[in-house]
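Heavy atoms only: backbone and side chains are in, while hydrogens, waters and symmetry mates are out. Here is the naming used below: chain letters follow the sequence lines, and residue numbers restart at 1 for every chain. These figures come from a predicted structure and were not determined experimentally.
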Amino acid sequence: MRENPDDPQVLSDAILAWYDVHARDMPWRVPPQARRAGQTPDPYRIWLSEVMLQQTTVATVKSYFERFTARWPTVRDLAAAQDADVMAEWAGLGYYARARNLLKCARTVDQDYGGTFPADHAELLKLPGIGPYTAAAIASIAFDLRHTVLDGNVERVMARLHDIHVPLPASKPILMEKADALTPVDRPGDYAQAVMDLGATICTPKSPACGICPWRDPCAARAEGTAADLPKKTPKKAKPTRHGTVFLAQRADGAWLLETRPDKGLLGGMLGWPGSDWIDVSHPLPEAPPPCAAEWQLIDGEVRHTFTHFHLILHVFRAQVAIGTEPETGGFRDAAEFKPTDLPTVMRKAFDLAR
DNA sequence: AAAGCGTGGAG
DNA sequence: TCTCCAAGCTT
């Protein structure tokens, strides 16, 4: 009797065999051969990598992951860190609520779980910054529990494998159902990583490499010639352009005037330059009260930056101020204690322009 | 439950 | 220059 190519077991066996050969090397990953030899992943490193990887590429995450784990080797080390140090180390990675939740989560694991991540999907889901995807990723990858990850890769792979034309995000429940049906009881952690690796390297958004795909034969979209057009997505709306002004004051001793932004909202908890609100209307020069009296000089040019949901054009003023200047907002930070890399990217761009 | 939330790289 | 998008979560 012939094997049915649509048998879930046949499909998971095929992708696991592919993963045994093609698993990508990542600093947090335990390769399949090492896992078979009995090596288990460090849940702290899996958690940290998964939070960093939310909406962020592997290439970008690697260096951040190395710096974080060198500086804070365990979750208890991280729990004991200063907030400002963690935010500064996260600077440039984006989605800064992740860093605030990372600290909250580390401190909860430290205080409520004895410094050990719970090997339980429902418990993981309660922790700050851990949603459905990350809980399933930690449960499966770190603890080899049978849970199904549904990220952008898996959505794309499932939409193609089953030739599903319902647009995202409406199709998510269907895609989850398909993904769950393929998740094996044996090696669920390797399986989760295998599907994501497949999506990242073969079943890519544009021009997928169907010819070398381990699921080439059972793939419905490949048979229909629709692979490159899937998954369908509901159109997103256009980004407006906002304008704003920032003020870079440097004291005679070299100290810079900076402020820590409020925890809520855009760039929450991050260091930044004092400035105006960012508004949709273009002023000739957006009016904003400077943080202190000085000979403010408008820098030629402007900072252009695009956030998730709007474009920003930032005008930059600079001034030298005297020792003893009392700012209306923020505080002076000694030059020795300030690195531009502590800033979120848009603020670093303003610094670069003013230099 | 739709919207808010960053950034850099690829095409 | 512009669009897409990358191992999503929170409110």
Do any of residues 63-74 of chain A sit with a heavy atom less than 4.0 Å from DNA chain C, and if so which? none
Find out if a path of hydrophobic residues (ILVMFWY) with successive side-chain heavy-atom gaps under 4.5 Å connects A:V346 to A:I313. no
Which nucleotide wins on minimum distance to the side chain of [X], given the candidates [options]?
X: A:Y95; options: B:dT7, B:dC5, C:dA7; answer: B:dC5
X: A:Q54; options: C:dA7, C:dG8, B:dT7; answer: C:dG8
X: A:T345; options: C:dA7, B:dG11, B:dG8; answer: B:dG8
X: A:T134; options: C:dA7, C:dG8, C:dA6; answer: C:dG8

Answer yes if the ring centres of A:Y64 and A:W90 are under 6.0 angstrom apart, and no otherwise. no
Please figure out whether A:Y133 or A:K104 has its closest DNA chain C nucleotide nearer the 5' end. A:Y133
Nearest-nucleotide wise, let me know which of A:G131 and A:K233 is further upstream toward the 5' end of DNA chain C. A:K233
Which ones in residues 257-267 of chain A lie close to DNA chain B, meaning a heavy atom under 4.0 Å from one of its atoms? A:G265, A:L266, A:L267
Tell me: CZ of A:F307 to P of C:dC4, nearest whole Å? 20 Å
Find the distance A:R100:CZ to B:dG4:P and express it as a whole number of Å. 16 Å
For A:S49, report the nucleic acid contact type (base, sugar-phosphate, nothing); a contact means any heavy atom under 4.0 Å. nothing
So, is [X] near the phosphate of [N], with a side-chain N or O under 4.0 Å from OP1 or OP2?
X: A:Y96; N: B:dT7; value: yes
X: A:H305; N: B:dG6; value: no
X: A:Q55; N: C:dA6; value: no
X: A:R156; N: C:dC4; value: no
X: A:H309; N: B:dC5; value: yes

Out of A:Q250, A:E295, A:Q297, which residue meets the side chain to side chain donor-acceptor pair (under 3.5 Å) rule with A:R318? A:Q250
Roughly how many Å apart are C:dA7 and B:dG4, using the P atom of each and rounding to a whole number? 24 Å
Would you say A:R251's side chain and A:Q320's backbone share a donor-acceptor pair under 3.5 angstrom? no
Would you say the side chain of A:T308 and the base of B:dG6 hold a donor-acceptor pair, judged only by whether the two atoms sit under 3.5 Å apart? yes
On a plain distance test, is the side chain of A:T56 in donor-acceptor contact with the base of B:dG6 below 3.5 Å? yes
Over 60° means perpendicular and under 30° means parallel, so classify the ring planes of A:W256 and A:W273, tilted if in between. perpendicular
Please determine whether a side-chain nitrogen of the Lys or Arg among A:R261 and A:E259 lies less than 4.0 Å from a carboxylate oxygen of the Asp or Glu. no
